[in-house]
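These notes are about the structure you will find just below.
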Amino acid sequence: MTRTILGIIGGSGIYDLPGLSHAEWQEVESPWGEPSDAVRVGMIDDLQVVFLPRHGRGHRYAPSDINYRANIDVMKRMGVTDLVSVSAVGSLKEELSPGTFVLVDQFIDRTFAREKSFFGKGCVAHVSLAHPVSPLLVEAIAAAARAQDIPHKQGGTYLAMEGPQFSMLAESHLYRQWGCDVIGMTNMPEAKLAREAEICYAGVAMVTDYDSWHEDHGAVDVATIVKTLHANRDKAQGLLLQLCKALPREHSPCPIGSDRALDFAIITAPEARDPALLARLDAVAGRVLNAS
Ligand SMILES: CSC[C@H]1O[C@H](OP(=O)(O)O)[C@H](O)[C@@H]1O
Ligand SMILES: Nc1ncnc2[nH]cnc12
């Protein structure tokens with residue numbers, strides 16, 4: 001039996017989590033470098049929650065500068081079983097108006113300047129990523145959104161772009177043709193790394209704008225996004241508190257195996273593995289490496 005520990009990564013505009021009792025900021029070291037910030041650890045009822053502001057307090061890190069590996073490693077070190085990622089996104093569909101929350105379940109990864117794996121030379125692994133989000137967690141988030149009466153869409157494809165500039169008109173049209181629902185700069189490689197770390201992951205994408213494609217809306221700008229984000233913040237916090245209250249205290253095995261993703265993923269023979277890399281993998285892959 002595994003106790004649920006909920007991790008929350010807050011995106012633009014979400015740099016703290018009110019409502020936590022016994023809360024403290026805790027510095028956690030990672031062999032993968034500097035995480036975005038200390039983590040805010042506390043309780044909601046009897047659920048342990050670990051919160052990390054993705055861009056750091058004061059929004060110090062641009063999407064390409066975030067150390068996604070350190071952030072996920074820190075979550076793993078804190079024992080996080082389930083991770084909710086909250087993000088601001090642009091809408092690529094008319095019906096997804098600003099204020100809508102999209103519970104994304106697929107990604108298209110167009111980022112190119114980020115470290116995307118914990119594994120590599122000296123310990124190669126290939127995890128399955130056909131279904132990048134964990135169904136039990138998404139269902140719990142959807143139930144919380146219904147309970148809070150938050151306009152939301154369950155399911156959607158998130159286009160991850162490198163940034164930091166917003167997309168060009170031709171790109172925005174292209175992503176719409178691809179059938180994407182929302183666009184952002186941060187959920188990749190976060191979701192990939194969560195899977196490698198065997199943490200169940202789900203994304204709440206809060207629509208702040210219509211990106212650049214919509215004829216009735218001007219090109220996206222940060223001022224508009226921040227205004228919508230502030231309007232959305234109470235809703236996001238209500239959603240998270242409701243989720244914390246309702247989430248089962250015992251972590252049920254993930255039906256798609258997110259929490260066992262490394263069972264058959266590591267292909268490097270034990271005698272060919274690099275001890276230095278194995279040492280860095282102690283938290284992320286300790287469950288399987290210590291067993292073999
Ligand atoms: C402030 S607008 C662009 C910025 O907002 C999103 O961040 P996050 O996903 O962390 O909420 C987007 O990806 C960009 O980083
Ligand atoms: N239009 C947009 N493109 C990329 N990231 C965003 N975050 C919020 N709105 C965005």
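All ligand and atom numbering here is 1-based and tracks the order in the structure.
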Which of the atoms of ligand 2 are close to Thr208, meaning less than 4.0 Å from one of its heavy atoms?
-> 8 (C), 9 (N)
Ligand 1 contact on Ser12 by region, counting heavy-atom pairs under 4.0 Å = both
So, Arg114 and Tyr68: side-chain donor and acceptor under 3.5 Å apart, yes or no?
-> yes
Nearest to atom 5 (N) of ligand 2, what protein heavy atom do you find, and at what distance?
-> Gly184 CA, 3.5 Å
Would you call Asp37 and Arg60 a salt bridge, taking side-chain N to carboxylate O under 4.0 Å as the test?
-> yes
State whether Asp211 and Lys93 are salt-bridged, where the test is any N-O pair (Lys NZ or Arg NE/NH1/NH2 against Asp/Glu carboxylate O) under 4.0 Å.
-> no
Please work out whether any backbone atom (N, CA, C, O) or any side-chain heavy atom from C-beta onward of Ile225 is under 4.0 Å from ligand 2, and answer side chain, backbone, both or neither.
-> side chain
Per-residue contact class, Thr186 against ligand 1 - non-hydrogen pairs under 4.0 Å | both
Lys/Arg-Asp/Glu bridge criterion (N-O < 4.0 Å) met for Glu190, Arg54 | yes
What is the nearest protein non-hydrogen atom to atom 2 (S) of ligand 1, stated with its residue, atom name and distance?
-> Ile225 CD1, 3.6 Å
Heavy atoms of Pro98 and Tyr210 approach each other most closely as CD-CE1, 3.6 Å
Closest heavy-atom pair and its distance - Arg176, Leu92 = NH1-O, 2.8 Å
Would you call Arg280 and Asp73 a salt bridge, taking side-chain N to carboxylate O under 4.0 Å as the test?
-> no
Closest protein heavy atom (residue, atom, distance) for atom 13 (O) of ligand 1 | Met185 N, 2.8 Å
Check ligand 1 against Ser87 and write out every atom of the ligand that is under 4.0 Å from a heavy-atom position of the residue.
-> 9 (O), 11 (O)
Check Ile183 against ligand 2 and report side chain, backbone, both or neither, counting heavy atoms closer than 4.0 Å.
-> both
If we number the atoms of ligand 1 from 1 as shown, the ones under 4.0 Å from a heavy atom of Arg54 are 8 (P), 9 (O), 10 (O), 11 (O)
Is it true that Arg110 and Glu162 have a side-chain N and a carboxylate O under 4.0 angstrom from each other?
-> no
Give yes if a backbone or side-chain nitrogen or oxygen of Gly90 is under 3.5 Å from a nitrogen or oxygen of ligand 2, and no if not.
-> yes
For ligand 2, does Asp211 get within less than 4.0 Å through its side chain, its backbone, both, or neither, judged by non-hydrogen atoms?
-> both
protein heavy-atom neighbour closest to atom 3 (C) of ligand 1 works out as Phe166 CE2, 4.0 Å
Pull out every atom of ligand 2 sitting under 4.0 Å from any heavy atom of Ala88, numbered as shown with elements.
-> 7 (N), 8 (C)
Is the closest basic N to carboxylate O distance between Arg40 and Asp16 below 4.0 Å?
-> yes
Using only heavy-atom distances, determine whether the side chains of Thr81 and Thr4 contain a donor-acceptor pair under 3.5 Å.
-> no
Any idea which protein heavy atom is nearest atom 10 (O) of ligand 1, and the distance to it?
-> His55 NE2, 2.5 Å
Considering only protein heavy atoms, which is closest to atom 9 (N) of ligand 2, and at what distance to one decimal place?
-> Asp209 OD1, 2.7 Å
Taking NZ, NE, NH1 and NH2 as the nitrogens, is one of them in Arg77 or Glu27 under 4.0 Å from a carboxylate oxygen of the other?
-> no
For atom 15 (O) of ligand 1, what is the nearest protein heavy atom, given as residue, atom name and distance?
-> Pro63 CG, 3.2 Å
